[in-house]
Amino acid sequence: MQPSEMVMNPKQVFLSVLIFGVAGLLLFMYLQVWIEEQHTGRVEKRREQKVTSGWEPVKYLRPVPRIMSTEKIQEHITNQNPMFHMPEDVREKKENLLLNSKRSTRLLTKTSHSQGGDQALSKSTGSPTEKWVEKRQGAKTVFNKFSNMNWPVDIHPLNKSLVKDNKWKKTDETQEKRRSFLQEFCKKYGGVSHHQSHLFHTVSRIYVEDKHKILYCEVPKAGCSNWKRILMVLNGLASSAYNISHNAVHYGKHLKKLDSFDLKGIYTRLNTYTKAVFVRDPMERLVSAFRDKFEHPNSYYHPVFGKAIIKKYRPNACEEALINGSGVQFKEFIHYLLDSHRPVGMDIHWEKVSILCYPCLINYDFVGKFETLEEDANYFLQMIGAPKELKFPNFKDRHSSDERTNAQVVRQYLKDLTRTERQLIYDFYYLDYLMFNYTPFL
């Protein structure tokens, strides 16, 4: 071959440079993600070592009594650190109350360590490059810019001028009691001087409906699918909530989240929009999530969670179960939930509401409950001036032939658990029980 033939023409040179450039960019992005994961892992490890330092190793099925002052309780609520404790002098009283299934709503106890606090931030809408740069500037820059914001966000009286029907009097009284109860709890235990959680993560579960000025915090297994349908109708994206499919609700990306706005947009909406959260009894919500994700075919939860759970918590598991991850038992799922060294992280379907929605940082104007979902939701719709014909849908989003998860169904699942395991589940969700005044299944 002659030297002249070995010379690449300009087009070949350009293509070569382009290919190497793209390869370099992909390598850079991969390394950046890897470095962030390694850093997060080290931070979590140090945090866990710090939490357990000075005590014996924590076994995931053995309660470990610890003492925490009121100041520490407030600090942990401020940081949304899910380790809550009860003072020693009231522990005996607590145990007697639990035996009678009557909970005191004033004191905090220990929960198992959660791995859900450092979940990845939801991606913003708008310009991906601008949002990516802004979010990656780090918490220091974000909080310097946001230093003038008061936490928790002030609660304000509900505007009831659009509620004309007297039939809502009882619902309104119940709503005021819930708001007052939560507000008093947060005043007592959640005193906050500075917001210490990443702002964009704090608001990442909150959906925005600008026309009616609504902020709705999504709590999975508490009517969130139908609430998203309602928000789509209010946004003018659909004429009826009954015509919107499950996939359109969860994968359509039609709705905006609060973390997609800039700092000013977040601040303005938090302080001027009506903020709503709908919750559910923690044990009932947990059983509902298990039935939905593990008792029906699922191309994500079986291979991702099922395989890991079976591998760690089922002795002598068969090869088929280890391969497809199907057939997880409720007791195995509970062992995973209570394990401080889970083989796979937390999921929003069974994460605590205190971590999903930060009720002591974001003072919600409306607290609905799944147990009175239709009544609460339709009252809320009247209050925000929704079209009169718009009613909250009452159908099940998936597995419509299955019996709804209720107290009777929950008790059937709890039969397979020991009293210690039931107590530890309660400890795990203790803050949710306390904030929203639920009575435990014990």
Side-chain angles (χ1 to χ4, degrees), residues 122 152-163 168 171-183 185-186 202-235 241 249 254-261 265-281 285 348 351-387 390-394 397 432 435-438:
S122 300
V153 176
D154 291 336
I155 196 167
H156 53 80
L158 290 170
N159 180 8
K160 303 170 187 176
S161 60
L162 297 175
V163 180
W168 299 111
T171 305
D172 177 65
E173 291 175 352
T174 300
Q175 183 58 218
E176 291 299 330
K177 288 179 182 178
R178 289 176 187 166
R179 293 200 323 151
S180 176
F181 187 92
L182 179 59
Q183 187 179 16
F185 167 80
C186 291
T202 302
V203 301
S204 64
R205 306 310 314 172
I206 297 179
Y207 285 88
V208 179
E209 202 282 289
D210 285 315
K211 183 178 179 181
H212 296 83
K213 296 187 176 182
I214 300 170
L215 298 180
Y216 163 72
C217 186
E218 174 191 29
V219 177
K221 313 311 299 179
C224 73
S225 296
N226 283 337
W227 260 117
K228 290 180 187 177
R229 289 183 170 93
I230 289 292
L231 294 178
M232 291 175 70
V233 173
L234 291 174
N235 267 302
V249 167
H254 300 295
L255 299 172
K256 293 182 291 185
K257 286 187 176 180
L258 192 53
D259 66 342
S260 67
F261 295 89
I266 293 174
Y267 175 79
T268 301
R269 287 169 175 81
L270 281 174
N271 283 281
T272 59
Y273 283 23
T274 302
K275 303 175 290 293
V277 60
F278 277 71
V279 300
R280 186 177 187 178
D281 177 276
R285 179 171 164 252
I348 61 171
E351 182 61 277
K352 307 175 187 76
V353 177
S354 57
I355 290 177
L356 292 173
C357 296
Y358 297 89
C360 282
L361 290 177
I362 302 172
N363 280 330
Y364 289 92
D365 306 302
F366 193 94
V367 180
K369 290 193 173 183
F370 185 83
E371 293 75 14
T372 52
L373 179 58
E374 283 188 67
E375 181 181 343
D376 291 346
N378 287 324
Y379 174 60
F380 180 79
L381 290 175
Q382 273 211 12
M383 192 176 63
I384 54 98
L390 180 61
K391 304 297 180 184
F392 193 83
N394 58 4
D397 186 56
D432 286 3
M435 284 180 167
F436 303 109
N437 199 21
Y438 280 110

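Heavy atoms only: backbone and side chains are in, while hydrogens, waters and symmetry mates are out.
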For the atom pair [atom1] ([X]) and [atom2] ([Y]), what is the distance rounded to the nearest 0.5 Å?
X	Y	atom1	atom2	value
Asn437	Arg178	CG	CZ	10.0 Å
Thr171	Asn378	OG1	CG	9.5 Å
Lys352	Met435	NZ	CE	11.5 Å
Cys224	Leu356	SG	CG	10.0 Å
Asn226	Phe278	CG	CZ	11.5 Å
Phe366	Ile384	CZ	CD1	10.5 Å

- Tyr438 six-ring centre to Lys369 NZ/CZ under 6.0 Å and within 45° of normal: yes

- Message: Run the side chain to side chain contact (heavy atoms under 4.5 Å, CB included) test on Lys228 and His254 for me, step by step, so that the C-alpha distance in whole Å, both residues' side-chain angles and the decisive distance to 0.1 Å come before the verdict.
- Response: CA-CA 10 Å; Lys228 290 180 187 177; His254 300 295; over 6 Å; no

- Item | Donor-acceptor pair, side chain of Gln175 and main chain of Val367, under 3.5 angstrom | yes

- Query: Judged by atom type as modelled, is there a donor-acceptor pair below 3.5 Å linking the side chain of Arg179 to the main-chain atoms of Asp365?
  - Reply: yes

- Task: Quick one: list whatever passes side chain to side chain donor-acceptor pair (under 3.5 Å) with Thr268, sequence neighbours left out.
- Result: none

So, for [X] and [Y], which heavy atoms are closest and what is the spacing to 0.1 Å?
X	Y	result
Asn394	Glu374	CB-OE2, 3.2 Å
Cys357	Tyr364	O-OH, 2.7 Å
Phe392	Gly223	CZ-O, 4.0 Å
His212	Pro387	NE2-CD, 4.5 Å
Ala222	Arg280	CB-CB, 4.0 Å
Lys257	Ser204	CD-O, 3.2 Å

Are [X] and [Y] close enough that some pair of their side-chain heavy atoms sits under 4.5 Å apart?
X	Y	value
Pro359	Leu182	yes
Phe261	Val208	yes
Ile362	Ile206	yes
Cys217	Val203	no
Arg285	Val353	yes
Glu375	Trp168	yes
Asp281	Glu371	yes
Tyr207	Glu218	yes

- Task: Evaluate the criterion side chain to side chain contact (heavy atoms under 4.5 Å, CB included) for residue pair Asp376 and Thr174; output intermediate values, then yes/no.
- Result: CA-CA 10 Å; Asp376 291 346; Thr174 300; 5.8 Å; no

- Any side-chain donor-acceptor pair under 3.5 Å between Tyr379 and Asp172? yes

- Trp227 vs Phe380 aromatic rings, parallel, tilted or perpendicular, using cut-offs 30° and 60°? perpendicular

- Message: Is it true that, when you exclude Lys391 itself, more than 12 heavy atoms of the residues, nucleotides or ligands shown sit nearer than 6.0 Å to its NZ?
- Response: yes

- Message: Salt bridge check, Arg269 against Asp210: does any charged N sit closer than 4.0 Å to a carboxylate O?
- Response: yes

- Message: Using the ring centroid of each side chain, check whether Phe436 and Phe181 are separated by less than 6.0 Å.
- Response: no

